[in-house]
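Naming convention: chains lettered A, B, ... in sequence-line order (proteins, then strands); numbering from 1 in each chain. Here the structure is a predicted model, which means the values were calculated and not measured.
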Protein chains: 2
Amino acid sequence: MPRVGLNQQTVVREAARLADEVGFQQLTLAALASRLGVALPSLYKHVRGADALAQKLAALATAELATEMTTAAVGRSGGDALRAMADAYRDYAHRHPGRYPATQRVPDPADPEHVEAGERAVGAVAAVLRGYGLTGDDVVDATRALRSALHGFVTLEAAGGFGLPQDVDRSYHQLIASMDISFRSWPGTGR
Amino acid sequence: MPRVGLNQQTVVREAARLADEVGFQQLTLAALASRLGVALPSLYKHVRGADALAQKLAALATAELATEMTTAAVGRSGGDALRAMADAYRDYAHRHPGRYPATQRVPDPADPEHVEAGERAVGAVAAVLRGYGLTGDDVVDATRALRSALHGFVTLEAAGGFGLPQDVDRSYHQLIASMDISFRSWPGTGR
DNA sequence: CAATCTTGGCTAAGTGCCTTAGCTTTAAGG
DNA sequence: CCTTAAAGCTAAGGCACTTAGCCAAGATTG
């Protein structure tokens with residue numbers, strides 16, 4: 001049997017592609033193995049199991065998303081940065097419907113790259129918010145608020161939760177515009 | 001064998017309880033059957049299968065949530081109504097961690113009760129927003145925004161996505177306060 | 001009251017997926 | 001060339017869902 005020459009990198013990357021095609025929930029070791037041209041148990045030479053694969057996929061997707069968010073916001077500030085980052089966020093979710101859900105997995109403390117990716121993603125959001133003049137606990141509150149809004153919208157959209165025919169793009173931009181207003185006069189007490 | 005005397009009602013209700021105990025993802029026909037004291041295939045006399053059970057659970061949970069949201073907001077308006085409804089929403093998610101995820105399932109058009117429950121939930125949100133003077137497409141946009149914020153926050157919280165030690169209750173109330181500000185001067189063009 | 005019929009339970013069996021154990025063979029390195 | 005680590009493989013077990021088909025409990029009806 002000629003060896004296929006897999007390693008963890010190639011396995012996880014193909015898993016990401018497959019997830020985008022069939023959906024995160026439908027990502028299965030069986031499908032991945034057949035896609036890679038090996039028998040299912042062979043995958044265990046590269047990944048500890050299905051859950052570990054999901055974790056590695058999460059690390060990959062989180063890193064990608066963090067990079068795209070950061071890139072979008074670089075050189076901008078305030079509402080400009082906010083809009084650019086929000087658009088990048090939703091765009092990533094659209095382009096990678098299978099990877100996006102993986103980004104919500106809590107980083108595995110045992111995987112430094114995963115932890116670092118999570119920190120970069122949250123840090124990117126926080127940086128934009130500090131650009132609004134927010135400090136201290138207000139940054140934490142506002143970061144949580146923005147993450148909630150972005151994640152909630154993207155998730156509901158992906159689930160088909162917006163039944164009405166009204167333009168979803170418009171709704172998203174209105175949401176971001178309203179967050180912009182909120183951040184400019186954040187209700188917090190400061191510390 | 002003495003009959004246990006199940007019907008769809010009792011099965012779905014027990015599924016809801018079990019889901020709250022073990023989590024929505026861990027809700028399994030096997031566990032449900034053993035909990036009810038019957039063999040697994042017996043459940044098929046009352047429910048068409050695992051997916052149908054999830055759908056019925058969704059209908060139940062959505063109806064409960066809609067009722068609690070409506071009840072919380074009754075007799076209030078503006079920021080009062082918004083805060084009461086938002087608190088009821090998050091409170092439901094806390095009390096029913098297994099049912100809450102089910103509420104995000106898109107209502108099954110073939111299940112009138114499910115459809116009606118979904119309409120009640122969205123209608124409750126929309127009613128509060130109309131209390132802010134919003135009309136037309138603005139109501140749609142703002143409803144989507146509020147649902148996104150609530151769902152996103154609750155989901156991230158449940159997933160353990162808020163790593164920092166800062167008070168999560170406070171963050172939630174800040175989020176709601178910021179939405180209140182947004183709705184009072186909604187950025188929309190109106191129609 | 002007895003015969004009948006519906007129905008809610010059961011066992012048996014098949015599928016798909018994940019996982020572990022243990023073997024074989026490739027290909028790299030001394 | 002020989003050795004050996006690693007990358008494949010087959011075999012087998014576990015758990016979940018589903019379908020098929022049987023049987024008895026209990027309601028219905030004459």
(message) Rounding to an integer number of Å, can you tell me how far B:L6 CG sits from D:dA25 P?
(response) 17 Å
(message) What does the B/S/- profile of nucleotides 15-23 of chain D look like, 5' to 3', with a 4.0 Å heavy-atom cutoff to protein?
(response) -SSBB----
(message) Under 4.0 Å from OP1 or OP2 of C:dC10: is there any side-chain N or O of B:S42 that close?
(response) yes
(request) Can you tell me which residue pairs pass the salt bridge (charged side-chain N to carboxylate O under 4.0 Å, His left out) test with a partner in residues 171-181 of chain A, sequence neighbours excluded? (result) A:D180-A:R184
(request) Look at the side chain of A:R3 against the base of C:dA27 and say whether a donor-acceptor pair falls under 3.5 Å; ignore hydrogens and angles. (result) no
(request) Check whether any side-chain N or O of B:H46 sits under 4.0 Å from OP1 or OP2 of C:dT7, and answer yes or no. (result) no
(request) From the options A:Q8, A:E14, A:Q9, select the one residue that forms a side-chain contact (heavy atoms from CB on, under 4.5 Å) with A:V12. (result) A:Q8
(message) Could you check whether B:F153 and B:F162 have their ring centres less than 6.0 Å apart?
(response) yes
(message) Tell me the interatomic distance from A:N7, atom CG, to D:dA7, atom C1', rounded to whole angstroms.
(response) 12 Å
(message) Test: ring pair (Phe, Tyr, Trp, His ring centres under 6.0 Å). Region: residues 101-145 of chain B. Which pairs qualify, not counting sequence neighbours?
(response) B:Y132-B:F183
(request) Provide the closest heavy-atom pair for B:D138 versus A:Q174 in the form atom of the first, atom of the second, distance. (result) OD1-NE2, 4.2 Å
(message) Tell me the interatomic distance from A:L36, atom CG, to D:dG8, atom C1', rounded to whole angstroms.
(response) 13 Å
(message) Does atom CZ (B:R95) have a neighbourhood of more than 12 heavy atoms from anything else shown, all under 6.0 Å?
(response) yes
(request) Report the distance from atom CG of A:L32 to atom P of C:dC17, rounded to the nearest whole Å. (result) 13 Å
